[in-house]
S.K.: 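One structure, as structure tokens, below. Some questions next.
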Amino acid sequence: MSEYIDLDALARVVVAAVVVGAGLPALFALGVRMLASRTVAVPGAGAGAEDAEAGAAAAPRPAPWRTVVAGACFAVIVGAIVLGIWFIAAGGH
Amino acid sequence: MTETILLVVVVVTALGFDFTNGFHDTGNAMATSIATRALKPKTAVLLSGTLNLVGAFLSLAVAATIAKGIVDAGMVSLEVVLAGLVGGIVWNLVTWLLGIPSSSSHALVGGIVGAVLVAAGTDGVLWGGLVSKVMLPALIAPVLAVGVGALGTWFVARLTRGIPQDTTSRAFRWGQIGSASLVSLAHGTNDAQKSMGIILLALIAGGAVPEDSGVPFWVVLACALAMGLGTYLGGWRVIRTLGKGLVEIDSRQGMAAETSSAAVILLSSHFGYSLSTTHVATGSILGSGVGMPGAVVRWGVARRMLTAWVVTLPAAGAVGAACYGIDQLVGGAAGSFTVFGILLVAAFTIWRLSRRTPVDSANVNDEWDDDAASAQVAEAVAEHDVSALAIDDGRVPVGAAAGQTAGPTAGNGRSAA
């Protein structure tokens with residue numbers, strides 16, 4: 001088997017793909033969550049959350065720390081995109 | 001003189017392959033954005049087409065000799081390349097007709113391997129290379145992509161639980177567009193270079209450019225345009241399967257799937273392990289259905305795709321082999337022109353068949369009717385003998401020929417080759 005397959009390269013691909021490919025969407029979701037109105041941000045707020053939100057249409061702006069965390073999340077994502085474009089342009093592909 | 005014409009034929013065919021490649025793979029990047037209405041269908045294909053065009057100019061680092069390490073390089077003559085291209089194009093068109101996303105590079109490699117088998121026998125093929133560079137990656141890519149896509153989707157679903165859907169949709173549509181754009185860009189760079197490599201190979205073999213020549217600018221331009229145009233015309237049938245058929249998708253899943261695709265494609269090539277864009281994209285979308293609690297995954301559709309993937313190499317190979325055989329049988333330049341003629345007839349026939357059940361930007365998002373889809377595929381499987389399709393030009397369907405005026409309806413101009 002290993003004469004046909006570079007297990008080392010494969011292992012690195014798998015790890016990196018999981019970290020980046022699943023991590024970036026998670027970061028993005030975290031960012032969205034941080035910016036979403038506070039009423040629904042209670043951890044473990046289950047099925048009732050939608051109802052709570054319905055009453056909070058004019059929700060207050062998210063707390064500053066939440067905005068900062070969200071900004072950091074999105075910044076990492078933008079960085080990853082720039083890196084991706086650079087990588088394509090550099091001909092790694 | 002005939003040598004020059006032959007060269008022109010090969011170049012045109014390579015551009016035709018480039019075109020079907022873009023056309024066939026639009027869905028890899030844009031199917032999810034279209035399905036979730038993050039972008040209007042026309043806008044999506046315009047964006048993807050433009051990015052494919054730009055991507056083709058971004059890098060010439062690869063422009064690799066196609067099928068390097070897979071077939072004996074000494075065996076690759078103009079005739080072999082032509083037959084291989086025809087095999088690749090025909091298989092791309094057949095799978096498009098069935099709405100099945102399948103790997104364009106597999107189709108091309110299959111076509112060339114088939115032609116080499118006829119030209120040089122089993123010794124002409126480097127089987128170890130075929131296994132390690134084509135077959136194993138084809139197994140690994142979807143599995144990895146399903147895993148990454150599922151995990152990403154699961155995280156996203158967890159983290160956005162309780163946030164009202166219109167909030168998440170607004171945000172995630174942007175994420176979707178961004179990640180899909182990256183996939184388009186990578187596709188343009190990666191796949192357009194394959195066609196550039198083929199054309200360069202043909203030009204060198206025909207003595208039009210010196211052996212150490214780089215890719216001439218007009219080749220880059222022509223490949224970029226063909227790829228961009230193909231993408232823009234949009235393989236709506238494939239888009240529909242990927243966006244609506246495989247999984248019912250929302251913008252969170254779409255974003256996770258496209259990010260997974262972009263990451264797996266770029267990272268795998270970074271680590272020297274190139275995976276098929278189509279296999280990765282399809283796997284990611286499937287994964288986004290697996291990872292989303294309560295999402296509908298149509299395993300029947302997935303199974304059909306897997307079957308098509310397995311069949312791709314031998315089927316394209318059969319067409320490639322048949323074309324090379326015909327080329328040699330007729331002999332000389334006339335043989336190559338015959339093969340080119342067969343390609344035109346096959347492309348036209350498949351296009352006519354597609355007009356029976358047109359799929360375009362207007363109905364690409366219609367509800368998925370599983371019965372209709374299975375019937376279509378069952379019919380198609382019954383006529384699975386692709387080489388027959390390619391060779392027997394007598395089988396232009398009566399129904400299609402009689403039932404429709406050759407309308408200029410939102411035409412897809414597939415015979416552009």
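Sequence lines set the chain letters: A, B, ... in the order given, protein chains first and strands last, and positions in each chain run from 1.
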S.K.: Taking all heavy atoms of Leu266(B) and all of Phe87(A), pick out the closest pair and write down the distance.
M.R.: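 Taking Leu266(B) first and Phe87(A) second, the nearest heavy atoms are O-CE2, 3.1 Å.
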S.K.: Apply side-chain contact (heavy atoms from CB on, under 4.5 Å) to Ser195(B) and list each qualifying residue two or more places apart in sequence or on a separate chain.
M.R.: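 Ser195(B) satisfies side-chain contact (heavy atoms from CB on, under 4.5 Å) with Phe17(B), Asp18(B), Cys223(B) only.
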S.K.: At a heavy-atom distance under 4.5 Å, which candidate from Ala256(B), Gly149(B), Gly291(B) has the highest pair count against chain A?
M.R.: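 Going by pairs under 4.5 Å, I would pick Ala256(B).
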S.K.: Which residue out of Thr153(B), Val264(B), Val156(B) racks up the most heavy-atom pairs below 4.5 Å with chain A?
M.R.: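 The candidate making the most pairs under 4.5 Å is Val156(B).
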S.K.: Which one, Thr168(B), Leu275(B), Leu182(B), leads in non-hydrogen pairs under 4.5 Å with chain A?
M.R.: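 Top count of heavy-atom pairs under 4.5 Å with chain A: Leu182(B).
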S.K.: Working to the nearest 0.5 angstrom, can you tell me the gap between Phe155(B) CZ and Leu30(A) CG?
M.R.: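 Here the interatomic distance stands at 11.5 Å.
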S.K.: Chain B contacts: which residues in residues 18-26 of chain A have a non-hydrogen atom closer than 4.5 Å to it?
M.R.: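 Residues Val18(A), Val20(A), Gly21(A), Ala22(A), Leu24(A), Pro25(A), Ala26(A) are the ones that qualify, each having a heavy atom under 4.5 Å from chain B.
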S.K.: Return the CD to CZ distance between Gln176(B) and Phe28(A), rounded to the nearest 0.5 Å.
M.R.: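 Between Gln176(B) CD and Phe28(A) CZ, I get 9.5 Å after rounding to 0.5 Å.
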S.K.: Looking at Ile163(B) and Arg33(A), what are the two nearest heavy atoms and their distance?
M.R.: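 Heavy-atom minimum between the residues: CD1-CA, 3.4 Å.
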S.K.: For Ile140(B), is it the side chain, the backbone, both, or neither that has a heavy atom closer than 4.5 Å to a heavy atom of chain A?
M.R.: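 Interface part for Ile140(B): side chain.
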S.K.: Of all heavy-atom pairs between Val148(B) and Ala17(A), which one has the smallest distance, and what is that distance?
M.R.: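 Val148(B) and Ala17(A) have their closest heavy atoms at CG1-O, 3.5 Å.
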S.K.: Quick check on Leu185(B) against chain A: is it the side chain, the backbone, both or neither that has a heavy atom closer than 4.5 Å?
M.R.: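 The answer is both parts of Leu185(B).
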S.K.: Name the region of Phe57(B), side chain, backbone, both or neither, that has any atom closer than 4.5 Å to a heavy atom of chain A.
M.R.: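 Interface part for Phe57(B): neither.
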S.K.: Show the nearest heavy-atom pair for residues Leu267(B) and Val13(A), with the distance to one decimal.
M.R.: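 Taking Leu267(B) first and Val13(A) second, the nearest heavy atoms are O-CG2, 4.4 Å.
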